[in-house]
Amino acid sequence: MTVKLVDATISSFGSVFEKFKAEAPENKVNLILFLADNDPSTNLSWCPDCVRAEPVILKKLEALPDDVALLRAYVGDRPTWRNPQHPWRVDSRFKLKGVPTLISWENDAVKGRLEDYEAHLEHKINALVSGN
(Lines give C-alpha, C1' and ligand atoms only; values in the text may rest on other atoms or scores of the structure.)
Protein backbone atom coordinates (compact mmCIF):
# COMPACT_ATOMS: atom_id res chain seq x y z
CA MET A 1 0.00 0.00 0.00
CA THR A 2 1.13 3.48 -0.74
CA VAL A 3 0.41 6.63 1.21
CA LYS A 4 0.72 9.64 -1.08
CA LEU A 5 1.59 12.33 1.42
CA VAL A 6 1.46 16.01 0.55
CA ASP A 7 1.70 18.99 2.89
CA ALA A 8 0.11 22.41 2.65
CA THR A 9 0.07 25.61 4.65
CA ILE A 10 -2.66 28.23 4.64
CA SER A 11 -0.86 30.09 1.85
CA SER A 12 -0.15 27.04 -0.34
CA PHE A 13 -3.43 25.22 0.30
CA GLY A 14 -5.31 26.49 -2.76
CA SER A 15 -2.90 25.10 -5.35
CA VAL A 16 -2.10 21.94 -3.37
CA PHE A 17 -5.80 21.22 -2.81
CA GLU A 18 -6.60 21.64 -6.54
CA LYS A 19 -3.94 19.03 -7.39
CA PHE A 20 -5.23 16.76 -4.58
CA LYS A 21 -8.78 16.98 -5.97
CA ALA A 22 -7.61 16.34 -9.54
CA GLU A 23 -5.76 13.18 -8.47
CA ALA A 24 -8.48 11.95 -6.07
CA PRO A 25 -10.14 9.54 -8.55
CA GLU A 26 -6.84 7.60 -8.81
CA ASN A 27 -6.89 6.71 -5.10
CA LYS A 28 -9.04 4.35 -3.10
CA VAL A 29 -9.08 6.72 -0.10
CA ASN A 30 -8.55 10.50 -0.01
CA LEU A 31 -8.04 12.18 3.35
CA ILE A 32 -7.28 15.66 4.61
CA LEU A 33 -5.67 15.97 8.02
CA PHE A 34 -5.78 19.44 9.53
CA LEU A 35 -2.94 19.85 12.03
CA ALA A 36 -1.35 22.56 14.14
CA ASP A 37 2.05 23.82 13.01
CA ASN A 38 5.20 22.68 14.73
CA ASP A 39 6.65 24.97 17.36
CA PRO A 40 10.10 25.98 16.03
CA SER A 41 11.63 25.75 19.52
CA THR A 42 10.61 22.09 20.04
CA ASN A 43 9.94 20.87 16.48
CA LEU A 44 6.73 19.36 17.88
CA SER A 45 3.21 20.54 17.24
CA TRP A 46 1.95 23.11 19.73
CA CYS A 47 -1.25 21.01 19.89
CA PRO A 48 -0.98 17.95 22.19
CA ASP A 49 -3.94 16.28 20.47
CA CYS A 50 -2.12 16.55 17.12
CA VAL A 51 1.04 15.03 18.62
CA ARG A 52 -1.09 12.11 19.87
CA ALA A 53 -3.23 11.59 16.76
CA GLU A 54 -0.88 11.99 13.80
CA PRO A 55 1.30 8.89 14.40
CA VAL A 56 -1.80 6.75 15.02
CA ILE A 57 -3.40 7.96 11.79
CA LEU A 58 -0.23 7.41 9.74
CA LYS A 59 0.24 3.91 11.17
CA LYS A 60 -3.35 2.96 10.31
CA LEU A 61 -3.04 4.33 6.77
CA GLU A 62 0.25 2.54 6.11
CA ALA A 63 -1.42 -0.74 7.06
CA LEU A 64 -4.19 -0.35 4.47
CA PRO A 65 -4.03 -2.50 1.32
CA ASP A 66 -5.15 0.34 -0.97
CA ASP A 67 -3.61 3.53 -2.27
CA VAL A 68 -4.33 6.43 0.05
CA ALA A 69 -3.78 10.14 -0.52
CA LEU A 70 -3.25 12.21 2.61
CA LEU A 71 -3.13 15.97 2.46
CA ARG A 72 -1.72 17.37 5.70
CA ALA A 73 -2.95 20.95 6.03
CA TYR A 74 -1.20 23.00 8.70
CA VAL A 75 -3.46 25.61 10.34
CA GLY A 76 -0.66 27.86 11.58
CA ASP A 77 0.61 28.85 14.99
CA ARG A 78 -1.69 29.09 18.00
CA PRO A 79 -2.67 32.79 17.53
CA THR A 80 -3.41 32.21 13.82
CA TRP A 81 -5.57 29.18 14.61
CA ARG A 82 -7.41 30.92 17.47
CA ASN A 83 -8.68 33.66 15.11
CA PRO A 84 -12.44 33.05 14.60
CA GLN A 85 -11.96 34.18 10.99
CA HIS A 86 -9.31 31.53 10.26
CA PRO A 87 -9.81 30.54 6.59
CA TRP A 88 -10.63 26.91 7.37
CA ARG A 89 -12.96 27.77 10.24
CA VAL A 90 -15.13 29.86 7.90
CA ASP A 91 -14.72 27.69 4.77
CA SER A 92 -18.13 26.14 4.04
CA ARG A 93 -16.48 22.88 2.96
CA PHE A 94 -14.47 22.29 6.13
CA LYS A 95 -16.00 24.32 9.00
CA LEU A 96 -13.12 23.41 11.29
CA LYS A 97 -13.72 23.64 15.02
CA GLY A 98 -10.57 21.95 16.30
CA VAL A 99 -7.32 20.27 15.37
CA PRO A 100 -6.56 17.61 14.54
CA THR A 101 -9.49 17.04 12.19
CA LEU A 102 -9.38 14.13 9.74
CA ILE A 103 -11.68 14.44 6.74
CA SER A 104 -12.60 11.81 4.17
CA TRP A 105 -12.89 13.49 0.75
CA GLU A 106 -14.98 11.78 -1.94
CA ASN A 107 -16.73 13.02 -5.08
CA ASP A 108 -15.45 16.55 -4.46
CA ALA A 109 -17.06 16.79 -1.02
CA VAL A 110 -16.56 15.89 2.64
CA LYS A 111 -17.82 12.33 3.08
CA GLY A 112 -16.95 11.94 6.76
CA ARG A 113 -14.86 13.46 9.51
CA LEU A 114 -13.21 12.83 12.83
CA GLU A 115 -13.00 15.81 15.16
CA ASP A 116 -10.12 16.63 17.50
CA TYR A 117 -11.43 14.55 20.42
CA GLU A 118 -11.71 11.34 18.33
CA ALA A 119 -9.06 11.60 15.60
CA HIS A 120 -6.63 9.37 17.55
CA LEU A 121 -9.07 6.46 18.02
CA GLU A 122 -8.09 3.52 15.83
CA HIS A 123 -11.60 2.09 15.45
CA LYS A 124 -12.90 5.52 14.35
CA ILE A 125 -10.06 5.87 11.82
CA ASN A 126 -10.85 2.39 10.47
CA ALA A 127 -14.54 3.26 10.11
CA LEU A 128 -13.75 6.55 8.35
CA VAL A 129 -11.38 5.05 5.77
CA SER A 130 -13.66 2.08 5.11
CA GLY A 131 -16.65 4.35 4.56
CA ASN A 132 -18.69 2.95 7.46
Side-chain angles (χ1 to χ4, degrees):
M1 187 309 310
T2 307
V3 176
K4 299 175 191 171
L5 188 60
V6 62
D7 292 339
T9 61
I10 297 168
S11 59
S12 69
F13 186 78
S15 59
V16 173
F17 187 54
E18 287 306 314
K19 187 173 189 296
F20 174 82
K21 290 192 304 183
E23 295 173 357
E26 302 167 16
N27 307 306
K28 179 77 172 157
V29 178
N30 295 284
L31 301 166
I32 306 168
L33 177 58
F34 291 95
L35 293 166
D37 282 18
N38 285 350
D39 180 330
S41 65
T42 64
N43 207 29
L44 291 174
S45 173
W46 56 259
C47 163
D49 291 339
C50 296
V51 172
R52 177 174 58 170
E54 186 180 17
V56 177
I57 292 167
L58 292 175
K59 183 178 140 208
K60 294 306 285 179
L61 297 183
E62 288 167 0
L64 292 174
D66 301 308
D67 284 343
V68 176
L70 177 64
L71 168 54
R72 288 188 300 196
Y74 291 93
V75 302
D77 61 15
R78 189 183 306 263
T80 301
W81 170 243
R82 294 281 184 232
N83 181 345
Q85 295 304 307
H86 187 286
W88 297 326
R89 286 184 185 273
V90 298
D91 189 308
S92 62
R93 296 168 297 187
F94 307 124
K95 299 178 190 137
L96 287 192
K97 295 179 183 79
V99 287
T101 297
L102 182 62
I103 288 179
S104 172
W105 186 263
E106 192 174 296
N107 298 323
D108 212 28
V110 173
K111 181 176 184 253
R113 67 192 297 141
L114 297 177
E115 301 290 348
D116 52 354
Y117 59 88
E118 61 188 350
H120 66 286
L121 300 173
E122 291 188 30
H123 70 282
K124 297 260 189 173
I125 299 165
N126 290 340
L128 184 71
V129 298
S130 67
N132 296 331

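Scope of the values below: all heavy atoms of this structure, side chains included, with no hydrogens, waters or symmetry mates. Heads up: numbering here begins at 1 and tracks the sequence.
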To the nearest 0.5 Å, what is the distance between [atom1] ([X]) and [atom2] ([Y])?
| X | Y | atom1 | atom2 | answer |
| --- | --- | --- | --- | --- |
| L71 | E23 | CG | CD | 11.0 Å |
| L128 | L102 | CG | CG | 5.0 Å |
| K97 | R113 | NZ | CZ | 6.0 Å |
| K60 | L121 | NZ | CG | 11.5 Å |
| F20 | I32 | CZ | CD1 | 4.5 Å |

What pairs meet the salt bridge (Lys or Arg N to Asp or Glu O under 4.0 Å) rule with one or both residues in residues 71-82, with sequence neighbours excluded?
D7-R72, E54-R72

Pairs involving residues 29-47, ordered by first then second residue, that meet salt bridge (Lys or Arg N to Asp or Glu O under 4.0 Å) (sequence neighbours left out)
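Listed by first then second residue: nothing to list.
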
Heavy-atom pair of closest approach, residues [X] and [Y]:
| X | Y | value |
| --- | --- | --- |
| A24 | N30 | O-ND2, 3.0 Å |
| L31 | S104 | CD2-CA, 3.7 Å |
| A36 | V75 | CA-CG2, 3.8 Å |
| V129 | L61 | CG1-CD2, 3.8 Å |
| N27 | A69 | ND2-CB, 3.3 Å |

Under 3.5 Å donor-acceptor, [X] side chain and [Y] backbone:
| X | Y | result |
| --- | --- | --- |
| N107 | A109 | no |
| D66 | K28 | no |
| W46 | G76 | yes |
| N83 | Q85 | yes |
| N38 | S45 | yes |
| E118 | E115 | yes |

Are [Y] and [X] connected in a single hydrophobic cluster, I mean Ile/Leu/Val/Met/Phe/Trp/Tyr linked by side-chain heavy atoms less than 4.5 Å apart?
| X | Y | result |
| --- | --- | --- |
| L5 | Y74 | yes |
| I125 | V68 | yes |
| V6 | V110 | yes |
| V51 | L114 | no |
| I103 | V16 | yes |

Just wondering, more than 12 heavy atoms not from K4 lying within 6.0 Å of its NZ?
yes

Can you tell if the side chain of L33 reaches within under 4.5 Å of the side chain of P100, non-hydrogen atoms only?
yes

Side chains of L70 and L58, heavy atoms from C-beta outward: is any pair under 4.5 Å?
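Yes. Closest side-chain heavy atoms under 4.5 Å.
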
Take the angle between the ring planes of F34 and F13 and call it parallel below 30°, perpendicular above 60°, tilted in between.
tilted

Going by the angle between their ring planes, with limits at 30° and 60°, are F94 and W105 parallel, tilted or perpendicular?
tilted

Can you name the salt bridge (charged side-chain N to carboxylate O under 4.0 Å, His left out) partners of R89, sequence neighbours left out?
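None.
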
Do R52 and D49 pass the side-chain contact (heavy atoms from CB on, under 4.5 Å) test, and can you show the C-alpha distance, the side-chain angles, and the key distance before you say yes or no?
CA-CA 5 Å; R52 177 174 58 170; D49 291 339; 3.3 Å; yes

With salt bridge (charged side-chain N to carboxylate O under 4.0 Å, His left out) as the test, would you mind laying out the steps for E18 and K21 before giving the verdict?
CA-CA 5 Å; E18 287 306 314; K21 290 192 304 183; 3.3 Å; yes

Can you list the steps and then say if T80 with H86 is a side-chain contact (heavy atoms from CB on, under 4.5 Å)?
CA-CA 7 Å; T80 301; H86 187 286; 4.0 Å; yes

